[in-house]
Student: 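Sharing a structure here in structure tokens format.
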Amino acid sequence: MSASYFSDAFKDTRETMGTCPFNDQNDPVTMLLRFKDVRKTAHNTKSFSSAAKPGRIVVPSEVNIRETRQIPFEVDPPEHTEYRALVEDWFKRPLDIDYEFKLTRIVEAEIDRVLQKGAIEAISELSLPIQSKALTLLLNISLSEAETWISWGTHVFRSEDSDLDADKASILYDYIDAEIDKAIAAPDDSLYSVLLNSEYQGRKMTKEEVKGVLILTFAGGRDTVINYLTNTITYLAEHPEAIEKLNDNPALVNTAIEEFVRYFSPLTHMGRVVKEEKEISGHIAKEDTRVSLCWASANRDESIFENANEIVLDRKMNPHVAFGFGAHKCLGATHARQLMKVFLRVLTEKVSSIEIIDAVENIEDWGAHKRKVGFDKLTIRLNAK
Amino acid sequence: MAKITYITKAGEEIQLEANSGSLMELAVKHKVAGIDGDCGGVCSCATCHVHVAPEFYQKLDAPTEIESDMLEFDDNVTEYSRLCCQIPISAAVDGITVNVAN
Ligand code: HEM
Ligand code: HEM
Ligand code: FES
């Protein structure tokens, strides 16, 4: 089977049932699989809350490994609206011409570096370094800081013997604590300092709140971006004609970045805790139980998307929910989109073809459904133009 | 050349001219406040929501189901709401006025 083929893992259940239970650490989740249900539920923040015990809306649940509330992710409106307003403008900086220019420099340098090398492992040698270096722009800190993040490897939270490893997660928490302390001692123009200076409900943001925002920036923007980049590489490897079509074609790049994120849906789903009993496609969602919004399934819903299982680079109507929907829609989407745009532009300018030498798939296990989300290892060779 | 007038939430009136692209693209190019066009016009973000002047609303092609469904969940929806990435610029929209919704 081809590396860039990602099957529609939820098809049968979505079409026949619409929902699917998943037992997660004795706090079961009902996954909502249909596009319309996902959007409607995401929109209804009053009945379906994000402000549960920290970690509970994440699947698998992280209640046992952390206490810090992620902000604005684990907060409901109206508080959510105020937190979000504090950071909204900052997260639009990727649209600045100067930001785009610096991002282009980063991606060019990384691609030039691996073009010299012959065969590479794409995740650790290309996607992770690009993701980490790009993130320094979003935080507005020195590029060299990325070296520390790269050294953590691809899995900051996961170890050999455990999917949820509290000791490993503490590396990130300790790092962020130390960085916040540095920014308190010597304020600069980084996101740390900007947040420390922000006012929420008429008072300064607390250290714990600042930490909650930063953790999320690292956690939410890491695996997602890495999979987005890596999976796209496999598509270009297997569709060399797409490299030529995308080269110097901004309009096609525009629609392609949306299509890749729809098809690959790097974030499979995200949970909510039920506040008011509701029925969704026959499932009675009882108070204080969990449902999840399965973006990945919704994005293959054939009642919405024609040829849902094909990558159509110039798809004109593409109402995908890969970046979520409603109040909590991805705050990092502007950055992720700009990065992907630059990546496609630079790659198709410098590279004529890509060979896949070896691919080890990363298959998520959601009980009845196994979903390919990306790769554990991907060995490739890039051929220069 | 079609003349297009955008009125922002703050009441600022911006007149622009173009003969191709969409109302969203033109607004983004000229940084009209409140029109972000995050998804580049594929109908997935609703950051290009406007209210079309009633006399012009009827003249436009009706919104597709995808666009209407998208609007259903947005804030400040009226019977004249449109996602302006779905309104192409042509002689047909010459003189149109739209109010930025959010
Ligand atoms: C392709 C890459 C990405 C994908 C597919 C993605 C996907 C998502 C999705 C589906 C949500 C909604 C979660 C929910 O409704 O509960 C979300 C929220 C969020 N994402 Fe992303 N994300 C990506 C990249 C990033 C990046 C690069 C950052 C930051 C560096 C980021 C930061 C956030 C934050 C802060 C939220 C929470 C927003 C809120 O609750 O208001 N994401 N993301
Ligand atoms: C402190 C916060 C977080 C922690 C401790 C955390 C922890 C983890 C862990 C342990 C895994 C591996 C799970 C497994 O293999 O079954 C994982 C995977 C993942 N997380 Fe998070 N997570 C956090 C926040 C987020 C957020 C906010 C997002 C997105 C908005 C996100 C997106 C993802 C994705 C897409 C994967 C799958 C990546 C892959 O397997 O390749 N995470 N996370
Ligand atoms: S620009 Fe995204 S819906 Fe119009």
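Bear in mind that the values here come from a model prediction, so they are computed numbers and not experimental data. Proteins come first, then strands; the chains are lettered A, B, ... in the order of their sequence lines, and each starts at number 1.
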Student: Establish, for the pair A/R93 and A/Y99, whether the NZ or CZ atom is under 6.0 angstrom from the six-membered ring centre and no further than 45 degrees off its axis.
Tutor: no
Student: Which atoms of A/F325 are under 4.5 Å from chain B, going by heavy atoms: the side chain, the backbone, both sets, or neither?
Tutor: side chain
Student: Regarding A/K245 and A/D314, does a basic nitrogen lie under 4.0 Å from an acidic carboxylate oxygen?
Tutor: no
Student: Does NZ or CZ of A/R39 lie under 6.0 Å from the centre of the six-membered ring of B/F73, at an angle within 45° of the ring axis?
Tutor: no
Student: Can you tell me which of A/K40, A/H320, A/R337, A/K316 forms the most heavy-atom pairs within a distance under 4.5 Å of chain B?
Tutor: A/R337
Student: If the test is side chain to side chain donor-acceptor pair (under 3.5 Å), which one of A/E310, A/E258, A/E306, A/E259 qualifies with A/R315?
Tutor: A/E259
Student: Does the ring of A/F73 carry A/R84 above it, NZ/CZ under 6.0 angstrom from centre and within 45° of its axis?
Tutor: no
Student: Name the member of A/A333, A/P319, A/A251, A/A322 that forms the most heavy-atom pairs with chain B at distances under 4.5 Å.
Tutor: A/P319
Student: Between B/D36 and chain A, which part of the residue has a heavy atom less than 4.5 Å away: side chain, backbone, both or neither?
Tutor: side chain
Student: With only heavy atoms counted, which part of B/E65 is less than 4.5 Å from chain A, the side chain, the backbone, both or neither?
Tutor: side chain
